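Data block below; observations after.
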Amino acid sequence: MKTTIYSTFPYERPYLEPENKEDFELLFREESLTKKTASLAKGSDAVAIFTSDDASADVLEELKNLGIKYIASRSMGLDHIDTDKAKELGLKVANVPHYSPYSVAEHSVALMLALNRKLITASKKVREYDFRLDGLVGFNMHGKTVGILGAGEIGAITAKILFGFGCRLIIYDVEEDRELVEKYEAEYADLDEMCSKADIISIHAPLTEKTKHLVNKDLIGKMKKGVMIINAGRGGICKTEDLIEGLKSEKIGYLGLDVYEHEKGLFFEDRSKEVLKDDLFVRLLGFKNVIVTAHQAFLTKEALQDNMQGTLDNLKAWAKNEKAENELK
């Protein structure tokens, strides 16, 4: 199975080296997959891509014309792939739906604590030998109400961690997890009720047509004044312009983002020597009560191991003319 791996990052390489190299011929490319770079996969049977890659309809047609038969995504989410077009072209697509959900859940809680206890500001003050505590007052997590928007595997683990802090849990999801109700005292509510009661809202839903811009001006208006919003799910769930307005009006008191709706072409690259042309992103970074991490919530040793091994397993199955375990129907 000859595979071109796009958007290869240095931290992935050690985890992408298969134990049995006879089963694989891996061609590592730093370039992202685009219509212009699709030709780099010429001669390969498969491509392995990341969320920053472009697997839209035009690109998929290019890959099909080059003889590509398989697309392995090194991610849970598939919103970077036109799966309908892939099916139409007869391209097999597989993802890695389960890899250390603790990584994203723990990062979400880390953002909560960093914002609450103003750790970024505190660290800067100490490094400048300013040991005053002015402006560093936080709040107890114990007793606070946390709304979990999407309680799948990651959201459920986030809820369990927060239960350990003594938080009250309110969940909005299409399905009810009885374990969260019976063991962790979670309550299920509709979206409006959850937003009206939550001191903190943590987003863990997938990006779909129904969830795109779900967090918008109207929904923010139903939230508590000074609410903390954490998004380690998908950037497009939040309408960025409305988050900025919420911050300006102080309706949103804290904002922690590991994802950003316009991150494609921005995240995962070194832009330190450039003038950022994304005015919305620059505006977000101007607020002292905002922390943005560049889609790193998944980045733990355990998650990388699971993710890369899952990708190799999908490729290995295809090499044997078998259906990959995580292949889309």
Side-chain angles (χ1 to χ4, degrees), residues 5-19 24 26 28 48-53 71-81 93-114 146 148-165 167 169 171 173 175 177 179-180 183-184 186 202-207 230-235 237 256-260 263 267-268 291-317 324-328:
I5 303 178
Y6 284 93
S7 299
T8 306
F9 302 105
Y11 52 78
E12 290 182 307
R13 284 289 293 265
Y15 300 94
L16 275 170
E17 295 292 347
E19 292 183 9
F24 302 93
L26 304 180
F28 295 100
I49 65 175
F50 191 57
T51 56
S52 55
D53 290 308
I71 300 174
S73 185
R74 311 189 306 276
S75 65
M76 289 186 190
L78 289 167
D79 44 283
H80 56 302
I81 303 174
V93 177
N95 66 339
V96 186
H98 303 288
Y99 58 86
S100 188
Y102 299 96
S103 61
V104 180
E106 290 171 7
H107 191 82
S108 300
V109 177
L111 287 173
M112 295 177 198
L113 295 175
V146 182
I148 306 291
L149 201 169
E153 196 172 17
I154 295 171
I157 292 171
T158 304
K160 293 172 185 179
I161 295 171
L162 293 168
F163 179 78
F165 279 92
C167 296
L169 303 171
I171 296 172
D173 203 329
E175 294 183 7
D177 184 332
E179 182 189 20
L180 293 179
K183 291 182 61 176
Y184 299 94
S202 194
I203 300 169
H204 301 285
L207 181 62
I230 304 293
N231 187 7
R234 282 290 181 264
I237 295 173
L257 302 177
D258 185 59
V259 290
Y260 169 58
E263 68 181 58
F267 284 6
F268 307 112
I291 295 179
V292 180
T293 53
H295 209 132
Q296 74 172 75
F298 75 98
L299 199 62
T300 65
K301 294 177 182 178
E302 295 82 0
L304 284 170
Q305 177 64 47
D306 292 347
N307 192 349
M308 300 309 138
Q309 188 58 54
T311 300
L312 292 174
D313 288 345
N314 288 333
L315 293 170
K316 189 173 183 178
E325 181 180 356
N326 302 311
E327 186 177 316
L328 302 189

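Owing to the predicted nature of the structure, the values given are computational and were not obtained by experimental measurement.
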Measuring from atom [atom1] of [X] to atom [atom2] of [Y], what distance do you get when rounded to the nearest 0.5 angstrom?
X	Y	atom1	atom2	result
R13	T8	CZ	OG1	7.0 Å
N314	R74	CG	CZ	12.5 Å
K301	S103	NZ	OG	14.0 Å
L169	L162	CG	CG	6.5 Å
N307	E12	CG	CD	7.5 Å
I71	D53	CD1	CG	10.5 Å

Shortest non-hydrogen contact from [X] toward [Y]:
X	Y	answer
V96	G310	CG2-C, 4.0 Å
I237	L207	N-CD1, 3.9 Å
A151	D173	N-OD2, 2.7 Å
A48	T311	CB-CG2, 4.3 Å
I148	G155	CG2-O, 3.8 Å
G77	H80	O-CE1, 3.2 Å

So, using side chain to side chain contact (heavy atoms under 4.5 Å, CB included) as the criterion, who are the partners of [X] when residues are at least two apart?
X	answer
A114	L119, I291
Y102	S100, E106, I157
P97	N95, N326
K183	E179

### Task
Could you walk me through whether R234 and T51 pass the side chain to side chain contact (heavy atoms under 4.5 Å, CB included) test, one step at a time?
CA-CA 11 Å; R234 282 290 181 264; T51 56; 4.2 Å; yes

Side chain to side chain donor-acceptor pair (under 3.5 Å) involving [X] - partner list, sequence neighbours excluded:
X	value
Y99	none
D313	Q309
Q305	none
S75	S73

### Task
Sequence neighbours left out, what passes salt bridge (charged side-chain N to carboxylate O under 4.0 Å, His left out) with E263? Give chain and number order.
none

### Contact check, side chains of V292 and Y260, non-hydrogen atoms, under 4.5 Å
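The answer is no; the side chains never approach within 4.5 Å.
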
### Task
Find out whether F165 and V146 are in side-chain contact, i.e. whether some heavy atom of one side chain is under 4.5 Å from a heavy atom of the other.
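The answer is no; the side chains never approach within 4.5 Å.
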
#### Entry: Test ring-ring contact (aromatic ring centres under 6.0 Å, His included) applied to Y6 - qualifying residues, sequence neighbours left out
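Checked Y6 against ring-ring contact (aromatic ring centres under 6.0 Å, His included); zero matches.
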
### Message
If the condition is ring-ring contact (aromatic ring centres under 6.0 Å, His included), which residues does F268 pass it with, not counting sequence neighbours?
### Response
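ring-ring contact (aromatic ring centres under 6.0 Å, His included) check on F268 returns F9, F50, H295.
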
### Message
Can you tell me which residue among I203, I230, D258 is in a side chain to side chain contact (heavy atoms under 4.5 Å, CB included) with S108?
### Response
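Answer to the side chain to side chain contact (heavy atoms under 4.5 Å, CB included) test with S108 among I203, I230, D258: I230.
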
